[in-house]
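Keep in mind the model is a prediction, meaning the values are calculated, not measured. Chain A is the first sequence line, chain B the second, and so forth, proteins listed ahead of strands; every chain is numbered from 1.
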2 protein chains.
Amino acid sequence: MNTAITLDNASQQDCLPLIRALVNAWQAFSGFDARQLREYDLTPSQADVVFTLGNTEGLTFREIGAQTLITKGTLTGVVDRLTEKGLVRRVEQHADRRCTRVVLTAQGERLFARAFPRHIGVLQARFDGLSEAEKREATRLLEKIARLFR
Amino acid sequence: MNTAITLDNASQQDCLPLIRALVNAWQAFSGFDARQLREYDLTPSQADVVFTLGNTEGLTFREIGAQTLITKGTLTGVVDRLTEKGLVRRVEQHADRRCTRVVLTAQGERLFARAFPRHIGVLQARFDGLSEAEKREATRLLEKIARLFR
DNA sequence: GCCAATTAGTTCTAACGCGAACAATAATAG
DNA sequence: CTATTATTGTTCGCGTTAGAACTAATTGGC
């Protein structure tokens, strides 16, 4: 009994159908998400930030990065573009002058109130193609996969 | 009985834990994949192309794009970089002069023979943290999710 | 109190990723 | 046959994406 993987048997490994399914599911979901968000003139990353800032008093770059999984280097650019659009603004902190708080502007709040419920509604409607038991099981398995590769 | 989604109940929709799990699983898997491939000095897209071309007589851009889900515009750049590295070359077709076939060079073949089995082996080892039944169920659910958003 | 280690955010580089516009070529309708 | 339509790959614009180097500010050890 040997687990060596050769050029000949590599394509028969049973992880490959699962990997293909994961890639396809991600591609389909993220593509759909991006197309939907275009209605609000937002990229997925921008929407992620706006939706994270909604119903908060503002968050620092570090906090946004932790919740959205956007790297801090990327986040600088995303916040720059949201600022140009007038949806957020940077607020300096006196307590810790290294930190910057990012806050939704009035326009950002309005977009959040309009886009967030509608966007979630569209996604929820699609996911209702799964039963509640399937959603729970898929969540459990995906959490387990995430742990395996962390 | 109403399914309207408001600003207040949007965060309670039961698709959200599943979405979070999907995002986290993808992030963890694709990040691991990218770090592993760095050992061969390949990006995920480059590896995707090299691994797709392995054991073939070469494929056109259209065929590679169909199998890898890389857009044709992106593929031009990926093949450019693989060409610079000496791993693939473009072969013009006389039959249809619009088409270009991409073929592994001898160096590309060697890299494929070395990297493909080893990389699959590393991934397979991680996925063995799931039982066979879990792999099948995860595959089924992910295929269903992909269909919901296609 | 002072120096070393941390932390926060910015900048830079290389490579995607997608959609749209484009030129060259091929296929099809009439 | 010829005009229209479709397909193939390239190019471009814009926006990520990760990672590393960098600056400014803060914290911890002693």
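- A:N24 places a side-chain N or O within 3.5 Å of a backbone atom of A:R20 that can act as its donor or acceptor partner.
- Atom CD of A:E92 and atom C1' of C:dT10 are 14 Å apart (whole Å).
- Closest to the A:R90 side chain, of the nucleotides C:dG17, C:dG9, C:dT10, is C:dT10.
- Distance A:R97 CZ to D:dT23 C1': 13 Å, rounded to the nearest Å.
- A 4.5 Å side-chain heavy-atom check between A:E134 and A:E137 finds every atom pair outside the cut-off.
- Shown for residues 24-48 of chain A: residues whose heavy atoms fall under 4.0 angstrom of DNA chain D, namely A:T43, A:S45, A:Q46.
- Residue-level contact check: A:T100 touches the backbone only, with heavy atoms under 4.0 Å from sugar-phosphate atoms and none from bases.
- When the C1' atoms of four end pairs are superposed on the next four at each end of the helix from C:dG1-D:dC30 to C:dG30-D:dC1, using five pairs per end, the two resulting axes differ in direction by 30°, to 10°.
- Classified by interplanar angle (parallel below 30°, tilted 30° to 60°, perpendicular above 60°), the ring pair B:F149/A:F32 is perpendicular.
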Using the rule given for salt bridge (charged side-chain N to carboxylate O under 4.0 Å, His left out), can you reason through B:D128 versus B:K135, listing the C-alpha separation, both sets of side-chain angles and the distance that settles it, and then say yes or no?
CA-CA 9 Å; B:D128 278 346; B:K135 278 181 232 170; 3.1 Å; yes

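- Ion pairing between A:D96 and A:R101 fails under the 4.0 Å rule for side-chain N and carboxylate O.
- The CG-C1' distance, from A:L69 to D:dT17, rounds to 13 Å in whole Å.
- Distance CZ (A:R62) to C1' (C:dT10): 17 Å, rounded to an integer number of Å.
- Along DNA chain D, the nucleotide nearest to A:K85 and the one nearest to A:A95 differ in position, and the one closer to the 5' end is contacted by A:K85.
- Between A:R38 and A:D33 there is no salt bridge, since none of the side-chain N atoms of the basic residue sits less than 4.0 Å from a carboxylate O of the acidic one.
- When distances run from any side-chain atom of B:K72 to the nucleotides D:dA25, D:dT10, C:dC18, the shortest one goes to D:dT10.
- Here C:dT10 is the nucleotide among C:dT7, C:dT10, C:dA26 with the atom lying nearest to any side-chain atom of A:T76.
- Residue A:I70 is the one, among A:R98 and A:I70, whose nearest nucleotide of DNA chain D lies closer to the 5' end (criterion: closest heavy atom).
- Nucleotide C:dT11 holds its P atom 10 Å from the CZ atom of A:F61, rounded to whole Å.
- If you measure from atom CG of A:D80 to atom C1' of D:dC14, you get 14 Å, rounded to the nearest angstrom.
- In terms of the salt bridge (Lys or Arg N to Asp or Glu O under 4.0 Å) criterion, A:K85 has no residue partners (sequence neighbours excluded).
- At whole-Å resolution of the value, CG in B:L59 and P in D:dT8 are 14 Å apart.
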Set out, in order, the CA-CA distance, both residues' side-chain angles and the distance that settles salt bridge (charged side-chain N to carboxylate O under 4.0 Å, His left out) for B:R118 and B:E39, then state yes or no.
CA-CA 11 Å; B:R118 282 185 51 185; B:E39 181 182 346; 2.5 Å; yes

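- B:R101 has its CZ atom 12 Å from the P atom of D:dG9, to the nearest Å.
- Neither OP1 nor OP2 of C:dC16 sits under 4.0 Å from any side-chain N or O of B:T74.
- At a threshold of 4.0 angstrom between heavy atoms, the contacts of A:R81 include nucleobase atoms, whether or not backbone atoms are also involved.
- Nearest to the side-chain atoms of A:D96 among the listed nucleotides D:dA18, D:dT26, D:dT8 stands D:dT26.
- Between the A:S30 side chain and the A:W26 main chain, a donor and an acceptor come within less than 3.5 Å of each other.
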